[in-house]
Amino acid sequence: MTDFTAASANSGQSGPAVAGPPPGRAAVVAGIGSYVPPDVVTNQDLEARLDTSDEWIRTRTGIATRHVVAPGTATSDLAVEAGRRALTSAGEPGADAVVLATTTPDRPCPATAPDVAARLGLTGAAAFDVAAVCTGFLYALATAAGLIAAGTAERVLVIAADAFTTIVDPTDRTTAVIFADGAGAVLLRAGEADEPGALGPVVLGSDGALAHLIEVPAGGSRQRSSGVPAAPGEEFFRMHGRDTYRHAVTHMTAACHTAVERAGLRLADIDRLAAHQANARILATVADRLRIPAERQLSNIERVGNTGAASIPLLLAQAAAEGALAPGHRVLLTAFGGGLAWGATTLRWPEVKAL
Ligand code: UT7
């Protein structure tokens, strides 16, 4: 396992010092936008076609409704809407790079980000996808911060979009009631580490020995190279929920401790926890271990379910638009998911209009 510090600050631990970004090279949130497709599926809709109940879904996951794509709608369609809103929010017409976090690209090849960039009028910008499942937004933020720190880009549009319902088995009650579709995006610009919106150190980690806990077995080179067509159902997303649950709590809690420490903060300084909306019980346990009281926890899982990589920026955008997240708040972001992969970072919420 390796933790990667993408931005500034001393780690406060023994070992080599962590260099901060050169002056003017911190990554600063300048705009934020989100998008969910209009179609809504309720727990009652799921009860009608699966061996499940509204009561089970609410008490085990905290979810009541979720948004789903209509047939023919792809991840890029969600990403373009969220990306456009983030650019408008920032008052910026452009970006030098587009980093798209997704587990549901429009197709295996090429990446979806160049298509999204072109549709946003950003032809010519660097554009690539990041595959880190539900932690994708934090991996993309760290990547974007690195592009800015290195001077490769002045402005990076980070989009996280997933159309999970396109890979979930609609007959599998263990995943179909949880995963949903949506997108969120932030525009990052070069700035100073001490200004509002500047990302703190991003802590990232992974454990590939447990890759089997969350996977889509077919569709990649492992099965294709055998020359044998995928068995029925192998192209669907699968999750071992109970084991995943345990690791989610452990790793999000530990990553939060490290991110807060590396930012030179204490947990008591945190005004808002914005955790990947995996399951309301996981979020409550993580917050409890961090001693972050309920009024400091942001949550929208009841309305949107688990939207994969999109979860955190969608949460931030909705919370900011509704006033639950306000300028000046110290926010702690954390995520966990397939890979396994996890991460956390901090920032002070800037004056931005969330769209
Ligand atoms: O976003 C990426 C990371 N993902 C996560 O972090 C998700 C982690 N895991 C979870 O959120 C939870 O494990 C689940 C929500 C997936 C499942 O909740 P659980 O409390 O861990 O339930 P379980 O898997 O232990 O299943 C309990 C029972 C089982 O029945 P038995 O064996 O006790 O008779 C399941 O068959 O609930 C049953 N069950 C259901 N019952 C009604 C499983 N799914 C359903 C369902 N409706 N949809």
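Order of appearance sets the numbers: ligands from 1, and atoms from 1 within every ligand. Keep in mind that what you see is a predicted model, and the values were worked out from it rather than measured. Basis for what follows: all heavy atoms, side chains included, without hydrogens, waters or symmetry-related copies.
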Can you list the atoms of ligand 1 that are under 4.0 Å from a heavy atom of Cys134? 1 (O), 2 (C)

Which of the numbered atoms in ligand 1 are under 4.0 angstrom from any heavy atom belonging to His276? 1 (O), 2 (C)

Backbone or side chain, does any N or O of Thr174 fall under 3.5 Å from an N or O of ligand 1? no

Taking the minimum heavy-atom distance to atom 3 (C) of ligand 1, which of Asp172, Thr61, Thr244 ranks first? Thr244

One thing to verify: whether Asp45 and Arg49 come together as a salt bridge, which I'm taking to mean a side-chain N less than 4.0 angstrom from a carboxylate O. no

Does the protein put a heavy atom under 4.0 Å from atom 20 (O) of ligand 1? yes

So, Thr307 versus Gln277: side-chain donor-acceptor pair below 3.5 Å or not? no

Please determine whether a side-chain nitrogen of the Lys or Arg among Glu195 and Arg348 lies less than 4.0 Å from a carboxylate oxygen of the Asp or Glu. no

Side-chain contact test, heavy atoms from C-beta onward, threshold under 4.5 Å: evaluate it for Met239 versus Ile178 and give yes or no. yes

Give the residue, atom name and distance (to 0.1 Å) of the protein heavy atom nearest atom 9 (N) of ligand 1. Gly241 O, 3.0 Å

How about atom 32 (O) of ligand 1: does it have a protein heavy atom within less than 4.0 Å? no

Could you tell me whether the side chain of Asp162 and the main chain of Asp181 form a donor-acceptor pair under 3.5 Å? no

4.0 Å protein heavy-atom contact status of atom 23 (P) of ligand 1, strictly under: yes

Identify the two heavy atoms, one from Ala97 and one from Leu147, that lie closest to each other, and give their separation to 0.1 Å. CB-CD1, 4.1 Å

Interfacing atoms of ligand 1 (cut-off 4.0 Å, heavy-atom, Arg60): 19 (P), 20 (O), 22 (O), 27 (C)

among protein heavy atoms, the one nearest atom 6 (O) of ligand 1 is Ile282 CD1, 3.4 Å

For Glu295, does the CD atom sit with more than 12 other heavy atoms under 6.0 Å from it, leaving out its own atoms? yes

Minimum-distance protein heavy atom relative to atom 16 (C) of ligand 1: Ile178 CD1, 3.5 Å

Thr346 side chain to Val331 main-chain N or O, any donor-acceptor pair under 3.5 Å? no

For atom 10 (C) of ligand 1, which of Asn279, Asp51, Thr175 has the closest heavy atom? Asn279

From atom 48 (N) of ligand 1, is the closest protein heavy-atom distance below 4.0 Å? yes

Are any of the side-chain heavy atoms of Leu325 and Leu316 separated by less than 4.5 Å? yes

Met239 N/O under 3.5 Å from ligand 1 N/O: no

Arg25/Glu154 salt bridge by N-O under 4.0 Å criterion: yes

Is the shortest distance from atom 12 (C) of ligand 1 to a protein heavy atom below 4.0 Å? yes

Strictly distance-based, threshold 3.5 Å: is any side-chain N or O of Asp96 a donor or acceptor partner for the main-chain N or O of Thr152? no

Enumerate the atoms of ligand 1 whose separation from the nearest heavy atom of Phe336 is less than 4.0 angstrom. 2 (C), 3 (C)

Going by atom types only, do Thr104 and Thr75 share a side-chain donor-acceptor pair under 3.5 Å? yes

In ligand 1, the atoms that come under 4.0 Å of a heavy atom of Val177 are 48 (N)

Per-residue contact class, Trp56 against ligand 1 - non-hydrogen pairs under 4.0 Å: side chain

As a check for students: among Arg242, Arg173, Arg281, identify the option with a heavy atom nearest to atom 18 (O) of ligand 1. Arg281

